[in-house]
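Here is the structure we will look at, set down as structure tokens.
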Amino acid sequence: CEGVDFTDRQCRAVIVAGLPYPNLKSKRVSLKRALLETLRREDSSVISGDEWYSQQMARAVNQTIGRVIRHRHDFGAVIFADTRFS
């Protein structure tokens with residue numbers, strides 16, 4: 001649903017059925033992870049490739065949740081349908 005704007009009554013619930021990790025076989029993803037691992041060996045304050053990978057998944061989940069709750073008067077349900085969320 002990236003780029004689609006569902007406001008108020010157009011979206012009252014979202015079901016997150018799985019963890020939306022980026023595709024590990026993607027050239028962009030593998031290069032980014034490798035770069036971060038190289039940088040981390042030089043500077044321990046840089047996040048690792050694995051940390052970045054998990055961060056991308058968390059960002060996608062947060063963006064999905066944001067499709068339901070758009071402002072302080074809005075309401076809706078978010079259903080996490082994956083045991084890995086527990």
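This chain uses plain numbering: 1 for the first residue, then up along the sequence.
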In terms of ring plane angle, is the pair Tyr53 and Tyr21 parallel, tilted or perpendicular, where the classes change at 30° and 60°? parallel
Once rounded to the nearest 0.5 Å, what's the spacing between atom CZ of Arg41 and atom CG of Leu36? 11.0 Å
Determine whether a donor-acceptor pair (N or O, by modelled atom type, separation under 3.5 Å) exists between the side chain of Arg40 and the backbone of Val46. yes
Between Arg33 and Glu37, is there a side-chain heavy-atom distance shorter than 4.5 Å? no
If you group Ile, Leu, Val, Met, Phe, Trp and Tyr by side-chain heavy-atom gaps below 4.5 Å, do Ile65 and Ile15 land in one group? no
Phe75, Val16: one ILVMFWY side-chain cluster at the under-4.5 Å cut-off? no
What verdict does the side-chain contact (heavy atoms from CB on, under 4.5 Å) test give for Leu19 and Arg84, after you've listed the backbone C-alpha separation in whole Å, the side-chain angles of each residue and the deciding distance to 0.1 Å? CA-CA 8 Å; Leu19 301 177; Arg84 294 174 288 180; 3.7 Å; yes
I need the Ser30 OG to Leu35 CG distance, nearest 0.5 Å. 11.5 Å
Hey, are Ser48 and Asp50 close enough side-chain-wise for a donor-acceptor pair under 3.5 Å? no
Look at the side chain of Ser54 and the backbone N and O of Glu51, then say whether any donor-acceptor pair between them is shorter than 3.5 Å. no
Rounded to the nearest 0.5 angstrom, the CG-OG distance for Leu39 and Ser44 is 12.5 Å
Examine Ile47 and Met57 and state if one hydrophobic cluster contains both, with Ile, Leu, Val, Met, Phe, Trp and Tyr joined whenever side-chain heavy atoms are less than 4.5 Å apart. yes
Could you pull out the closest heavy-atom pair between Ala13 and Val68, with the gap in Å? C-CG2, 3.9 Å
Verify salt bridge (charged side-chain N to carboxylate O under 4.0 Å, His left out) between Asp74 and Arg12, making sure each step is shown before the conclusion. CA-CA 9 Å; Asp74 207 356; Arg12 288 292 180 220; 2.5 Å; yes
Look up atom CZ in Arg70 and atom CD in Gln10, then write down how far apart they are to the nearest 0.5 Å. 9.5 Å
Does any part of the side chain of Trp52, heavy atoms only, come nearer than 4.5 Å to the side chain of Val29, both counted from C-beta? yes
